[in-house]
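Reading through the structure tokens given below for one structure.
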Amino acid sequence: MLDMLASATGDVIHWSELGLRPGIDLGFFELKYYSLAYLIGLIFAYWHTSKMIKQPGAPMAQVHVDDLFFYCMLGVIVGGRLGYATFYDQSLWYTFEPDTFVSWRVLRLWDGGMSFHGGLIGVVAAIAWVSWRGGLPFLRVCDYIAVNVGMGMMLGRLANFVNGELWGRVAGPDAPIAMIFPTDPLGLPRHPSQLYQAFGEGFVVLTVMLALFWLTNARFRTGLLVGVFTVLISLARFVNEFFRQPDVQLTEFAERTGLSMGQWLTVPLILLGLGLIIWSLTRAPVGTARTKPAQPKGAPPEITTEQP
């Protein structure tokens, strides 16, 4: 990707000259990169969480990871779509596409439109369900899931860029990168905000979270990892919204309130994350390095909870 950007000529990069395609042609159908991003992100989360629970202090067993993989996937899709319809485009709830197999627009996922905040609510609901059913500590399970989310965010935003969608605001003369997207009816140089988001909400978040888990004892402090994750991704989203073009139906809302819908929805998350961090640091760690991985519900207890 960087090589392609570097090879572009002129002060303004034309997205159409980068040779990008929205998917991979497999002959019988086209595999969309956005769908592939979701798939790879979920597979990474499953693989890495399975690796994480083998370390001392894990709050769950492999059977719980298997359940989380299914229910979190469902939560991302259902929550992301319903969140988009609720926060960004309420018309999806009451409009229909005539003469189609699935006419209710809120169910037409292939038309596009997913909300980060809705997907987050869906994932939290999925974690709550699996935790309650398995007798697991909810916050500690959230800690482990939070470590993996950055990968999916990074891949998803890169897929948005490859699709030439969700481009940014009009770039000023001092902008480091300005790009013209063919889907922009005005044809103006804009910020490639998808790349900004892939870096801030994806790469930075993933790097910090992996370092905290593998290089520190943060996993022994209930709520610390999910608190740091919430603050990091929310701050990144808040900053990136200054460069991202608001959805058409919410442009007037952003102009009237001074902040975009995404920013307003992010403010309480920042406060929640800070509260979790403070709360976590005032409590003693939950175990020692001799703590064994959690066992399925009903299995003989093997977890030690000695305090340092």
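Computed from a prediction, not measured in an experiment: that's the story for all the values here.
The two residues V231 and G273 make their nearest non-hydrogen contact at CG2-C, 3.5 Å. The minimum heavy-atom distance between L166 and Q194, with the atom names listed, is O-CG, 3.6 Å. The shortest non-hydrogen separation linking A126 to Y71 is CB-O, 3.3 Å. In this structure, I270 and S234 approach most closely via the heavy-atom pair CG1-CB, 3.4 Å. In terms of heavy-atom proximity, S280 sits nearest to R221 at OG-CB, 3.4 Å. Considering all non-hydrogen atoms of both residues, W15 and N163 come closest at CZ2-C, 3.9 Å.
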Exercise for review: For N240 and Q197, run side chain to side chain donor-acceptor pair (under 3.5 Å): C-alpha distance rounded to whole Å, both residues' side-chain angles, the deciding distance at 0.1 Å, then the answer.
Suggested key: CA-CA 6 Å; N240 284 327; Q197 289 181 281; 6.0 Å; no

Point to revise | Verdict with supporting geometry, T230 and V226, side chain to side chain contact (heavy atoms under 4.5 Å, CB included) | key: CA-CA 6 Å; T230 303; V226 70; 4.2 Å; yes

**Study point:** Working for side chain to side chain donor-acceptor pair (under 3.5 Å), residues D143 and T222
**Key:** CA-CA 7 Å; D143 284 334; T222 301; 5.4 Å; no

Point to revise | Derivation and outcome, side chain to side chain donor-acceptor pair (under 3.5 Å), residues Y46 and D66 | key: CA-CA 8 Å; Y46 177 78; D66 296 342; 2.7 Å; yes

**Study point:** Worked verdict on F181 versus F161 for side chain to side chain contact (heavy atoms under 4.5 Å, CB included)
**Key:** CA-CA 10 Å; F181 294 89; F161 177 76; 4.2 Å; yes

**Study point:** CA sep, side-chain torsions, deciding dist, call: R219, L224, side chain to side chain contact (heavy atoms under 4.5 Å, CB included)
**Key:** CA-CA 7 Å; R219 66 178 180 272; L224 180 57; over 6 Å; no

Review point. When you look at R105 and S91, which way does the side chain to side chain contact (heavy atoms under 4.5 Å, CB included) test go after all the steps?
Key: CA-CA 9 Å; R105 287 187 61 207; S91 68; 3.6 Å; yes

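The closest side-chain heavy-atom distance from V205 to M153 is not below 4.5 Å. Inter-residue side-chain proximity for H48 and L210 is flagged as met; some heavy-atom pair is nearer than 4.5 Å. Counting heavy atoms from C-beta on, the side chains of T49 and V147 never come closer than 4.5 Å. Using a 4.5 Å heavy-atom cutoff, the side chains of F253 and P246 are not in contact. A 4.5 Å side-chain heavy-atom check between V286 and R140 finds at least one atom pair inside the cut-off. Looking at V267 and F238, their side chains come closer than 4.5 Å, going by heavy atoms from C-beta outward. Considering only heavy atoms from C-beta on, S193 stays 4.5 Å or farther from R157 through its side chain. Between L206 and F229, the closest side-chain pair of non-hydrogen atoms is not below 4.5 Å.
Hydrophobic clustering, with ILVMFWY side chains joined whenever heavy atoms are under 4.5 angstrom apart, groups V65 together with L136. I278 and V228 sit in two unconnected hydrophobic clusters of ILVMFWY residues. Membership requires side-chain heavy atoms under 4.5 Å apart, directly or through other members. Both Y84 and W104 belong to a common hydrophobic cluster when Ile, Leu, Val, Met, Phe, Trp and Tyr are linked at side-chain heavy-atom distances under 4.5 angstrom. In the hydrophobic cluster analysis, where Ile, Leu, Val, Met, Phe, Trp and Tyr join through side-chain heavy atoms closer than 4.5 angstrom, L281 is grouped together with L274.
Residue M209 holds its CE atom at 13.0 Å from CH2 of W214, rounded to the nearest 0.5 Å. The distance from atom OG1 of T207 to atom CZ of F199, rounded to the nearest 0.5 Å, is 8.0 Å. In this structure, the separation between CH2 on W132 and CH2 on W129 is 5.0 Å, given to the nearest 0.5 Å. Note that CG of L195 is 15.0 Å distant from CH2 of W167, once rounded to the nearest 0.5 Å. Rounding to the nearest 0.5 angstrom, the gap separating the CG atom in L74 from the CZ atom in F69 is 12.0 Å. In this structure, CG on L225 lies 11.5 Å from CD1 on I145, to the nearest 0.5 angstrom.
For Y38, the side-chain hydrogen bond (donor to acceptor under 3.5 Å, both in side chains) criterion is met by no residue, not counting sequence neighbours. With sequence neighbours excluded, the residues satisfying side-chain hydrogen bond (donor to acceptor under 3.5 Å, both in side chains) with R190 are D184, Q245. T266 meets the side-chain hydrogen bond (donor to acceptor under 3.5 Å, both in side chains) test with H117; sequence neighbours excluded. By the side-chain hydrogen bond (donor to acceptor under 3.5 Å, both in side chains) test, T257 is found to be paired with W264, residues two or more places apart in sequence or in another chain being considered. For R244, the salt bridge (charged side-chain N to carboxylate O under 4.0 Å, His left out) partners at least two apart in sequence or on another chain are E241, D247.
Partner of I127 under the side chain to side chain contact (heavy atoms under 4.5 Å, CB included) criterion, chosen from V130, V123, V124: V123.
Within the 3.5 Å criterion, the main-chain N or O of S50 finds a donor-acceptor partner in the side chain of K54. Side chain of S260 to backbone of Q263: a donor-acceptor contact under 3.5 angstrom is found. One N or O on the side chain of R81 and one on the backbone of R108 form a donor-acceptor pair closer than 3.5 Å. At distances below 3.5 Å, at least one donor-acceptor pair connects side-chain atoms of H64 with backbone N or O atoms of A61.
Seen from the ring of F243, R169 does not count as a face-on cation partner, given the 6.0 Å and 45° thresholds.
Here V170 is tied into one hydrophobic group with L186, L188, each link being a pair of ILVMFWY side chains closer than 4.5 Å.
Side-chain contact, E165 with T183: no donor N or O sits under 3.5 Å from an acceptor N or O.
Shown here is F203, whose CZ atom has no more than 12 heavy atoms of other residues, nucleotides or ligands within 6.0 Å.
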